[in-house]
Amino acid sequence: MAEEKGKITPQVEDFPQWYQDVVREGDLAEAAKVVKGCMVIKPHGYAIWEKIQADLDRRFKETGHKNAYFPLLIPMSFLNKEAQHVEGFAPEVAVVTHAGGKALPEGEQYAIRPTSETIIGHFFSKWIDSYRDLPLLINQWANVMRWEVHTRLFLRTTEFLWQEGHTAHADHDEAYEEVLRILDLYGDFAQNVMAMPVIRGIKTESEKFAGAVQTMSIEAMMRDGKALQAGTSHDLGQNFGVAFDVKFQNEEGREDYVWQTSWGVSTRLIGGLIMTHSDDTGLILPPKLAPVQAVIVPIFRKAHEKEKVLPAAAGLRDELKAAGVAVELDDREGKRPGEKYYEWERKGVPIRIELGPRDIESGEAMTKLRIADGKVKMPIATLAQDLGGVLDGFQDFLLERAVKFREDNTVTIDSWDDFTDVFKDGESRFAWCHWDGTAQTEAAIKEETKVTIRCIPLDGQGPDPEPGKCIKTGKPSARRVLFARAY
RNA sequence: CGGGGCGUAGCGCAGCCUGGUAGCGCGCCAGCUUUGGGAGCUGGAUGUCGAAGGUUCAAAUCCUUUCGCCCCGACCA
């Protein structure tokens with residue numbers, strides 16, 4: 001299973017290896033190796049993250065949130081203030097025990113943030129006095145660290161990049177609206193920007209965030225049938241408000257604790273992007289997130305051809321750029337066109353434009369869509385105005401294909417035999433099944449099959465509620481929930 | 001923590017059993033010929049053989065210790 005350069009293992013042969021190969025060949029990231037569990041996000045991978053950031057950041061601001069930044073280090077005592085929170089995160093926290101050349105006394109040690117509810121809670125308590133200070137809507141773009149045993153590039157790394165929203169409200173209804181608003185924002189982003197369809201739902205008690213009253217998530221299906229939790233939005237109730245004494249005076253003049261929410265998406269989204277669209281040739285990027293949407297490969301043999309082709313290619317590049325297309329002219333010398341084709345395909349560029357003497361002569365350039373088998377001639381003169389539509393069509397195609405894949409791999413199951421059959425040998429699909437609602441049954445199913453409840457769907461996100469019998473125990477169930485193996 | 005495996009050029013590996021002073025493929029550099037789907041030829045550069053100690057005239061190779069990494073299980077999301 002070599003890290004053989006240039007080779008992409010077929011999906012059906014070895015999916016995890018395929019994933020690693022696509023990340024490497026797409027030049028997205030590599031394992032840092034010198035720092036356990038961490039990765040280096042390479043320029044092409046980081047450019048995707050920047051596009052994700054830009055779109056989300058705009059959406060956060062449009063919904064009234066403001067960016068801020070809090071310290072990387074959190075006093076250990078802060079983490080300990082919320083009982084469930086510390087229980088959930090303590091095992092995976094890295095702690096600073098030495099600084100300034102000296103060992104720090106235990107009471108002065110710091111955790112490297114695994115998430116920032118605690119330190120933000122501390123500052124919220126200083127900033128909030130009155131209902132007039134609410135709602136307080138803050139977002140932070142940051143890195144966090146969780147000491148995980150098993151790491152995989154983008155999907156689970158020790159250090160990762162994310163955004164974490166933290167809001168405080170005067171009552172629970174308003175906080176809950178915020179939780180839903182953000183879940184919807186994430187869902188819309190996943191669907192319309194990433195072309196990754198998701199199911200919005202509520203996490204079970206055992207899967208919810210440590211310290212939350214309720215956790216909601218968006219769940220996406222990867223091409224191996226497994227589920228990826230792609231974003232979460234938490235209703236924190238007054239748990240952190242009480243723990244950090246975030247009190248305010250309400251309109252009636254009485255003191256109350258604030259109602260908080262927190263929510264986040266991370267560089268894991270890039271892993272989801274890869275496992276939703278890419279194929280055995282390598283990365284495929286939706287145009288809305290592709291750092292390079294179109295690449296021009298000039299073709300020439302003789303010097304006099306080069307003199308004609310290169311200026312024409314540069315002119316076309318400038319035209320496309322002016323039309324708002326993220327275009328790159330690959331005029332590197334010493335590489336032949338064929339090699340360039342392969343390279344840009346592995347990097348997921350949606351469309352390639354081949355420009356040679358013949359094309360200039362005929363006024364039509366040869367174009368190749370990353371998702372199509374054949375090449376298509378397009379008039380050079382109108383390429384700049386035509387390309388937008390082509391890219392939109394590409395974006396739509398990816399979403400439709402992903403939706404269809406998910407539909408084809410979603411089942412409704414009513415017997416335990418069928419359940420174990422669907423999930424045999426490590427396979428996975430999305431399965432809508434009845435569940436008796438108890439943590440014991442959930443744990444028993446997980447123990448026996450490693451399959452988990454991904455979420456209890458919100459209205460319209462799954463089958464309509466209808467009573468039935470639990471797939472495992474036969475006890476009454478009010479509605480079907482989503483089962484799958486998960487990343 | 002239990003089981004297994006691996007550290008030799010930038011990457012992937014051979015050499016180790018049977019000790020004799022470093023090799024292959026890819027990549028890189030130069031030149032020429034090439035260029036519409038991964039180019040060919042010629043020449044060239046690159047190594048504390050993971051580390052420390054020992055045996056020996058001589059250690060990548062044998063012995064001891066040690067560090068690191070990977071896989072399976074366990075644990076975790």
Side-chain angles (χ1 to χ4, degrees), chain A residues 1-8 14 16-17 20-21 24-25 27 30-38 87-93 114-115 144-152 154-158 160 162 203-204 206-210 215 217 219 226-232 264 266 268 271 281-282 295-306 309-310 313 330-347 352-362 364-368 370 372-375 377 426 446-447 450 452-455 484-487:
Chain A
M1 275 324 145
E3 291 182 14
E4 197 182 327
K5 253 199 140 181
K7 189 191 167 190
I8 293 176
D14 183 344
Q17 186 63 49
Q20 284 187 39
D21 291 346
R24 183 190 65 245
E25 294 302 316
D27 212 22
E30 65 181 61
K33 301 242 173 108
V34 290
V35 186
K36 191 174 166 55
C38 291
E87 192 188 330
F89 281 101
E92 51 188 42
V93 163
T115 180
V144 289
M145 182 164 265
R146 298 179 185 177
W147 214 258
E148 302 282 359
V149 180
H150 280 148
T151 57
R152 296 186 66 191
F154 291 115
L155 297 173
R156 175 175 287 115
T157 46
T158 301
F160 56 93
W162 78 346
K203 286 290 188 184
T204 62
S206 59
E207 296 272 339
K208 77 178 185 188
F209 177 76
T215 288
S217 73
E219 301 283 332
K226 288 192 189 173
L228 184 77
Q229 178 178 301
T232 49
S266 71
R268 173 179 254 204
T281 306
V295 64
I296 301 171
V297 178
I299 294 156
F300 49 80
R301 295 172 209 202
K302 309 268 161 51
H304 72 271
E305 290 179 340
K306 179 177 171 182
V309 170
L310 278 186
D330 188 354
D331 57 1
R332 288 176 296 173
E333 308 224 359
K335 286 199 188 292
R336 294 155 83 249
E339 192 183 351
K340 293 178 182 177
Y341 299 167
Y342 278 87
E343 184 177 322
W344 290 108
E345 278 170 10
R346 285 175 309 188
K347 284 190 162 188
R352 178 178 75 235
I353 301 157
E354 304 171 16
L355 196 69
R358 277 186 231 157
D359 312 290
I360 293 170
E361 193 72 28
S362 69
E364 288 189 314
M366 198 61 94
T367 65
K368 167 76 169 66
R370 179 63 182 78
D373 289 330
K375 300 182 186 181
K377 283 184 179 170
K446 183 176 179 180
E447 170 82 15
K450 303 241 175 180
T452 50
I453 298 173
R454 298 324 304 154
C455 70
R485 283 184 207 282
Y487 273 93

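Basis for what follows: all heavy atoms, side chains included, without hydrogens, waters or symmetry-related copies. Treat the numbers as computed from the prediction; the structure is a model and nothing was measured. Naming: A, B, ... by sequence-line order, numbering from 1 per chain.
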Exercise. Could you give the CG-to-P distance, from Asp27(A) to G27(B), as a whole number of Å?
Worked result: 16 Å
For this session: Tell me what Glu354(A) touches on the nucleic acid: a base, only sugar-phosphate, or nothing, going by heavy atoms under 4.0 Å.
Result: base
Exercise. Looking at residues at least two apart in the chain, or sitting in another chain, which of them share a side-chain contact (heavy atoms from CB on, under 4.5 Å) with Thr151(A)?
Worked result: Glu148(A), Thr158(A)
Output one line per pair: protein atom, nucleotide atom from nucleotides 29-34 of chain B, and distance, for all N/O pairs under 3.5 Å.
none

Seminar exercise, completed: Sorted by chain and number, sequence neighbours left out, side-chain contact (heavy atoms from CB on, under 4.5 Å) with Pro16(A) holds for Asp14(A), Arg152(A)
Exercise. Between Glu343(A) (CD) and G37(B) (P), how many Å, whole number?
Worked result: 17 Å
Under 3.5 Å, which protein N or O atoms sit close to an N or O of nucleotides 75-77 of chain B? Give each pair with its distance.
unit_1 : atom_1 : unit_2    : atom_2 : d
A77(B) : N3     : Arg156(A) : NH2    : 2.5
A77(B) : N3     : Tyr487(A) : O      : 3.4

Exercise. Is the closest side-chain heavy-atom distance between Glu207(A) and Ile453(A) below 4.5 Å?
Worked result: no
Exercise. Are Lys306(A) and Glu333(A) side-chain neighbours, meaning at least one heavy-atom pair lies under 4.5 Å?
Worked result: yes
Seminar exercise, completed: By salt bridge (charged side-chain N to carboxylate O under 4.0 Å, His left out), Lys368(A) pairs with (sequence neighbours left out) none
Problem set entry | base_contact_polar (G37(B) base, Glu345(A) side chain, donor-acceptor, <3.5 Å) | yes
For this session: Report yes if the side chains of Val297(A) and Pro337(A) come closer than 4.5 Å at any heavy-atom pair, otherwise no.
Result: yes
For this session: Round to a whole Å and report the spacing from NZ of Lys347(A) to C1' of G38(B).
Result: 15 Å
Exercise. What closest approach, in Å, do Asp27(A) and Lys347(A) show between heavy atoms, and which atom pair accounts for it?
Worked result: CB-CE, 3.9 Å
For this session: Select base, sugar-phosphate, or nothing to describe what Pro91(A) touches, counting heavy atoms under 4.0 Å on all strands.
Result: nothing
For this session: Answer yes or no: is there a side-chain heavy-atom contact under 4.5 Å between Met366(A) and Arg358(A)?
Result: no
Exercise. Ignoring hydrogens and angles, are the base of G37(B) and the side chain of Lys375(A) linked by a donor-acceptor pair under 3.5 Å?
Worked result: yes
Exercise. With sugar-phosphate meaning primed atoms plus P, OP1 and OP2, does Arg152(A) contact a base, only sugar-phosphate, or nothing at under 4.0 Å between heavy atoms?
Worked result: nothing
Problem set entry | Set of residues satisfying side-chain contact (heavy atoms from CB on, under 4.5 Å) with respect to Thr115(A), sequence neighbours excluded | His85(A), Phe89(A), Glu117(A), Arg146(A), Trp162(A), Glu164(A), Phe209(A)
Exercise. On a whole-Å scale, what distance lies between the P atoms belonging to A60(B) and A51(B)?
Worked result: 11 Å
Exercise. Base, sugar-phosphate, or nothing: which does Lys340(A) touch, judged by heavy atoms less than 4.0 Å apart?
Worked result: nothing
Exercise. Can you tell which of G38(B), G37(B), G36(B) lies closest to the side chain of Glu339(A)?
Worked result: G38(B)
For this session: Would you indicate what Arg146(A) reaches in the nucleic acid, counting non-hydrogen atoms under 4.0 angstrom: base, sugar-phosphate, or nothing?
Result: nothing
Exercise. Does the ring of Tyr342(A) lie flat against the base of G38(B), closer than 5.5 Å centre to centre with planes under 30°?
Worked result: yes
